[in-house]
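Presented below is the structure to which this report refers.
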Amino acid sequence: MLPWILLASAVDAKGGAVETVAAEATRSLGGSTAQSVVVSAPLESDKPAPRGDDLALRLASRVAARLGSLARAHPQTAPLGAARAIAGRTRTLVYLRGEVARGDLRATVDVYPPAANVWDRVRDPSASPVGHASASAKIDAGVRAFLTPLALDRATVGRARHDEGDVLAAACGDVDGDGRDEILLVSRARVALGRVAGEKFVAERALAWGKLATVLPVPMREPLAGAALSRDAVYAGTTDRGGVELGPDLAFRVALVGIPVDGGDEAVCLRPEPAAGAFDGAPVACLRAAAPGPKMAVPAPRFDAFAAASLPDANGRVRGIVAVREPSGKLRLKVDDATIAPEGLFGAQLAVGDLDQDGVPDIVTTAEGTDDAVRVLGFAPGAAQPIDRARLPAPSRVHALAMCPPDDGGQPVLVVVTGDEVWQMRATPVPAVPATPGERTGR
């Protein structure tokens, strides 16, 4: 059986985009909404949404659940005037407007007190709300289930040149909060943060390693590196120089205890073992003052490549996945408490994500021995071993991989650094084929 689906039966403390938006939108509403009816407007979307109203109603049900046992969600979408009539004289109205825009799920919540009588609703159908809140989150598999599906076998690849030399690691994310993702490239010479503009990677900010850290007394013969981005922080490190935390302007903040990588929910640090040419043990907190001990379990004690992610399935339940490559070339995966050992040997680059947002993780690696092709692995229904889902030949060695959050079109982006180029790979939206009447009714 498919391990990912078996594990998805347990409810995790974290939630996907729908749950996150519902939690954030209701956090500041207060007790006046406890006995309320939640009514959603029809969903607005800048992309085709075949099941838009179903998504709006799913969001309304999660908002009602967050408000308490006395709140209920209305089973149909409605405009504000009709929603006020639904709430009537006894219930507070929580009116929800859901939107899918520029790769985000957004929600605006307005609270209206009970109308004293029908004449109040007629005289002032657009009365001012007494409470207001909003929230947003990146589209994930739980949202994509209501939108146009993505096809990985029709992925597009945009190519741009870079001038960073031998890149060792990459990361992607919105570090300055402007709504646009930046790409971080880490080489032996410097740290560069920028964006792709046309056919060129433009380093908007860059800093030489010589201004950040001295050469370590025992560097590795073949350097390993790591990179991660979070809101308001840049993390970079090599086994030549160690790890550092920087600000969005690349101003130095603090030296780290190891080489930083994306741990799925936060940056974590790996501890290099120069004699072995690999990382040793589980990731730890990056700051020296943090509590000691591992931040997560890893499926192998020693490895030269690492990737981790927290990925929601189509029902919004989040699972953690950790992937490492042993120095021998063997790949080891940990999905919650299950360890999976894919057959064969794999390349030295590694990333984890959900490129087509189908709720099943994709493991991105490179061709064993040459690293001159990108391999996307995934789980087919009923399969215990991951299989190749896509393969992308590269003209030269692939130096780094990184996963970006969904872009303005709602598509996750895989960054591939190969030679002097930065590639951006996206699955393609494909309209669903309408079912025949017999298929819809099950005949």
Side-chain angles (χ1 to χ4, degrees), residues 2-27 38 40 43-45 47-69 71-75 77 94 96-109 133-150 264-266 308-322 335-338 352-362 378-379 381 403-407 410-412 427 429 432:
L2 179 61
W4 188 254
I5 291 178
L6 287 175
L7 290 164
S9 60
V11 176
D12 194 273
K14 297 175 289 186
V18 172
E19 195 66 38
T20 297
V21 168
E24 291 299 319
T26 56
R27 195 180 306 278
V38 181
S40 177
L43 183 80
E44 297 182 9
S45 178
K47 300 295 178 184
R51 299 177 57 207
D53 274 9
D54 290 340
L55 176 56
L57 296 175
R58 169 74 66 87
L59 187 56
S61 71
R62 299 316 304 152
V63 167
R66 287 280 176 175
L67 293 177
S69 60
R72 65 177 180 87
H74 190 67
T77 61
V94 176
L96 170 69
R97 294 179 176 88
E99 180 185 17
V100 173
R102 299 187 63 183
D104 291 341
L105 173 65
R106 304 173 183 175
T108 301
V109 176
S134 61
S136 68
K138 287 291 183 183
I139 289 173
D140 60 14
V143 177
R144 177 61 60 182
F146 300 92
L147 309 178
T148 301
L150 299 177
D265 298 314
E266 61 181 339
S310 296
L311 299 173
D313 64 15
N315 294 316
R317 294 176 291 224
V318 176
R319 293 292 170 266
I321 178 169
V322 179
V335 183
D336 283 346
D337 295 326
V352 174
D354 185 1
L355 285 168
D356 56 359
Q357 295 181 328
D358 64 350
V360 181
D362 298 312
F379 291 98
M403 293 295 306
C404 299
D407 60 11
Q411 298 143 275

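- At least one side-chain heavy atom of Val100 sits less than 4.5 Å from a side-chain heavy atom of Leu43.
- The distance from the CG atom of Leu150 to the CD1 atom of Ile139 is 9.0 Å, given to the nearest 0.5 Å.
- Contact of the Val352 side chain with the Leu311 side chain is registered, since non-hydrogen atoms from C-beta on lie closer than 4.5 Å.
- The minimum heavy-atom distance linking Ala60 with Ala73 is given by the pair O-CB, 3.8 Å.
- Ala145 and Ala314 make their closest contact through CB-O, 4.4 Å (heavy atoms, listed as atom of the first residue, atom of the second, distance).
- Contact record, Ala135 with Ala25: CB-N, 3.7 Å, taken as the closest heavy-atom pair.
- Between the side chain of Glu19 and the backbone N or O of Gly316 there is no donor-acceptor pair closer than 3.5 Å.
- Within a 6.0 Å sphere centred on CZ of Arg72, other residues, nucleotides and ligands contribute more than 12 heavy atoms.
- With rounding to the nearest 0.5 Å, the separation of CG in Asp53 from OG1 in Thr77 is 4.0 Å.
- When atom types are taken as modelled, the side chain of Asp362 and the backbone of Leu355 share a donor-acceptor pair closer than 3.5 angstrom.
- Distance alone, capped at 3.5 Å, places no donor-acceptor pair between the Arg97 side chain and the Glu44 backbone.
- Judged purely by atom type and a 3.5 angstrom limit, Asn315 has no side-chain atom pairing as donor or acceptor with the backbone of Arg317.
- Side-chain contact between Leu55 and Ser45 is absent, with no heavy atoms from C-beta onward closer than 4.5 Å.
- Looking only at distances, a side-chain donor or acceptor of Asp354 sits under 3.5 Å from a matching main-chain atom of Asp358.
- For Asp140 (side chain) and Val143 (main-chain N/O), a donor-acceptor pair under 3.5 Å exists by modelled atom type.
- Between the side chain of Asp104 and the backbone N or O of Arg106, no donor-acceptor pair lies under 3.5 Å.
- Between the side chain of Asp356 and the backbone N or O of Ala427 there is no donor-acceptor pair closer than 3.5 Å.
- To the nearest 0.5 angstrom, Arg144 atom CZ is 9.5 Å from Lys47 atom NZ.
- Listed here is the closest heavy atom pair of Pro406 and Lys138: O-NZ, 3.2 Å.
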Verdict with reasoning, Thr26 to Val109, per side-chain contact (heavy atoms from CB on, under 4.5 Å): CA-CA 8 Å; Thr26 56; Val109 176; 5.6 Å; no
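- Shown here for Ala141 and Pro312, the closest heavy-atom pair between the two residues is CB-O, 3.5 Å.
- The two residues Ala56 and Leu96 have their closest heavy-atom pair at O-CD2, 4.2 Å.
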